[in-house]
Each structure stands twice: as structure tokens, then as C-alpha cells.
Amino acid sequence: MLLTYTGRKSGRRITIPVGYFDWEPGTVLASTFAHSTWIPNLRTGPTGRLRIRGRDYEAVPTVIEDHTAITELLGVFADRKSPREAKMVGLPGDRKPTPEELHEAGAPRRFVLFQLQT
């Protein structure tokens with residue numbers, strides 16, 4: 001997907017490619033590493049624009065940075081998604097991850113849940 005947001009310091013519109021997962025109806029989940037420079041721009045921004053499969057959406061981002069919340073989200077992710085997708089976020093793809101593996105996989109990651117506006 002393409003994410004377009006306004007830079008908090010520059011005020012410029014910036015568009016970047018971001019990997020995502022369909023999450024719940026009307027929402028997508030993006031995963032990135034903690035050092036990603038686009039995350040701070042979404043903490044206080046009211047909306048961003050997403051281009052998914054050729055369609056444009058306004059989206060309200062919720063940045064998930066708390067490690068406990070990330071670990072819990074990864075547990076849900078492991079239950080919902082395929083082994084291939086689990087590997088993409090650092091989880092084992094061949095079995096249910098242990099609490100320690102969820103904790104370890106979440107340490108370098110941040111997630112953004114985008115609520116798509118219609």
C-alpha cells in the first residue's frame with residue numbers, strides 16, 4: 001500500500017510504500033521497525049491517505065508502541081494469519097509462538113492500525 005502523510009516538521013506531503021495486512025472489516029494493520037521515521041508523523045496526525053489495490057482511502061491511524069500491547073497484538077496476529085504472514089513479523093511459522101517468542105518478536109516492531117474512512 002502507499003501511505004501519504006504530512007511531515008510534522010517540514011509540512012510536506014510524503015508518500016511511501018508500506019507493507020500491510022487486512023485486519024478487520026474496514027481496517028488494515030501496518031508493521032514496521034521502531035526506528036522508522038514515518039511513525040512519529042502519525043502519532044498526532046488526524047488522518048493519512050492510503051492507496052490499496054488501486055483505491056484511495058482516508059484513514060485514521062492508531063500507532064501501537066507500548067510493548068505489552070504489541071505482544072498481545074502479535075498473539076492475536078498469530079491466531080488470525082497464515083504461517084507465511086507470521087514469519088513476516090518475526091514469529092515462527094510452523095507452530096503457535098510461545099510468550100517469550102511473542103515478546104522477542106515485538107521488541108523491534110511498531111504497528112499502526114488504520115481505520116479506513118468511507
Side-chain angles (χ1 to χ4, degrees):
M1 96 180 149
L2 293 177
L3 165 64
T4 301
Y5 62 91
T6 302
R8 70 188 189 288
K9 292 181 181 177
S10 69
R12 291 184 305 128
R13 298 288 286 172
I14 300 165
T15 300
I16 59 170
V18 176
Y20 75 98
F21 303 93
D22 289 320
W23 193 243
E24 294 174 342
T27 63
V28 294
L29 182 68
S31 171
T32 189
F33 290 99
H35 62 273
S36 295
T37 58
W38 57 273
I39 290 285
N41 293 288
L42 300 180
R43 287 184 188 129
T44 58
T47 63
R49 179 173 281 294
L50 303 179
R51 184 167 192 85
I52 302 171
R53 295 183 208 114
R55 293 189 59 199
D56 291 323
Y57 301 90
E58 289 294 321
V60 178
T62 301
V63 177
I64 303 168
E65 297 181 279
D66 175 74
H67 193 66
T68 300
I70 291 170
T71 301
E72 291 171 4
L73 177 68
L74 284 170
V76 174
F77 190 98
D79 290 339
R80 288 187 185 183
K81 297 299 182 180
S82 71
R84 186 176 131 280
E85 290 169 310
K87 283 182 168 183
M88 293 171 75
V89 295
L91 298 173
D94 59 344
R95 61 186 160 71
K96 184 172 178 72
T98 65
E100 293 78 21
E101 289 170 326
L102 292 171
H103 183 79
E104 186 177 315
R109 298 192 181 282
R110 299 300 175 262
F111 288 90
V112 181
L113 186 63
F114 290 98
Q115 180 69 45
L116 305 178
Q117 305 295 295
T118 55

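Glu24 pairs by the salt bridge (charged side-chain N to carboxylate O under 4.0 Å, His left out) definition with Arg80, not counting sequence neighbours. In this structure, Arg8 has no salt bridge (charged side-chain N to carboxylate O under 4.0 Å, His left out) partners at least two apart in sequence or on a different chain. Residues meeting the ring-ring contact (aromatic ring centres under 6.0 Å, His included) test with Tyr5, sequence neighbours left out: none. Residues satisfying the side-chain contact (heavy atoms from CB on, under 4.5 Å) test with Arg53, not counting sequence neighbours, are Tyr20, Asp22. Legend: residues meeting side-chain contact (heavy atoms from CB on, under 4.5 Å) with Ala69, ordered by chain and number and at least two apart, are Ile64, Asp66.
In this structure, Pro83 and Gly93 approach most closely via the heavy-atom pair CB-O, 2.7 Å.
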Kindly determine whether Ile16 and Trp38 satisfy side-chain contact (heavy atoms from CB on, under 4.5 Å), including the steps that lead there. CA-CA 9 Å; Ile16 59 170; Trp38 57 273; 3.3 Å; yes
Could you walk me through whether Arg51 and Met1 pass the side-chain contact (heavy atoms from CB on, under 4.5 Å) check? CA-CA 6 Å; Arg51 184 167 192 85; Met1 96 180 149; over 6 Å; no
Verdict with supporting geometry, Lys96 and Asp79, side-chain contact (heavy atoms from CB on, under 4.5 Å): CA-CA 8 Å; Lys96 184 172 178 72; Asp79 290 339; 3.0 Å; yes
Please step through side-chain contact (heavy atoms from CB on, under 4.5 Å) for the pair Lys81 and Met88, ending with a clear verdict. CA-CA 10 Å; Lys81 297 299 182 180; Met88 293 171 75; over 6 Å; no
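Here the NE2-CG distance, from His67 to Leu102, works out to 9.5 Å after rounding to the nearest 0.5 Å. In this structure, Ile39 CD1 and Glu65 CD are separated by 6.5 Å, a value rounded to the nearest 0.5 Å. Atoms CG and CG, from Asp56 and Leu50 in turn, are 9.0 Å apart once rounded to the nearest 0.5 Å. With rounding to the nearest 0.5 angstrom, the OG1 atom of Thr98 is 8.5 Å from the CD atom of Glu104. Here the CD atom belonging to Gln115 is positioned 7.0 Å from the CG atom belonging to Leu113, to the nearest 0.5 angstrom.
Distance alone, capped at 3.5 Å, places no donor-acceptor pair between the Arg12 side chain and the Thr6 backbone.
Using the six-membered ring where Trp is involved, Trp23 and Phe77 have ring planes that are parallel, under 30° apart on the 30 and 60° scheme.
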Side-chain atoms of residues 28-36: list all donor-acceptor pairs with protein atoms under 3.5 Å, sequence neighbours left out, distances to 0.1 Å.
{"from": "Thr32", "atom 1": "OG1", "to": "Ser36", "atom 2": "OG", "distance (Å)": "2.3"}
{"from": "Ser36", "atom 1": "OG", "to": "Phe33", "atom 2": "O", "distance (Å)": "2.9"}

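Taking the side chain as every heavy atom from C-beta outward, Leu42 and Leu3 approach each other to under 4.5 Å.
With respect to Arg95 and Glu101, a salt bridge is recorded, a charged nitrogen being found less than 4.0 Å from a carboxylate O.
Around atom CD of Glu85, more than 12 heavy atoms belonging to other residues, nucleotides or ligands sit under 6.0 Å away. Under a cut-off of 6.0 angstrom, the local environment of CZ in Arg55 is sparse, with at most 12 non-hydrogen atoms contributed by other residues, nucleotides or ligands.
Taking hydrophobic clusters as Ile, Leu, Val, Met, Phe, Trp and Tyr residues chained together by side-chain heavy-atom distances below 4.5 Å, Phe114 shares a cluster with Ile52. Following chains of ILVMFWY side-chain contacts shorter than 4.5 Å, one cannot reach Leu116 starting from Leu2, and the two form parts of different hydrophobic clusters. Note on Phe111 and Val18: separate hydrophobic clusters, where clusters join Ile, Leu, Val, Met, Phe, Trp and Tyr whose side-chain heavy atoms are under 4.5 Å apart, directly or indirectly. A continuous path of hydrophobic side-chain contacts links Ile70 to Leu91 [ILVMFWY only; heavy atoms under 4.5 Å].
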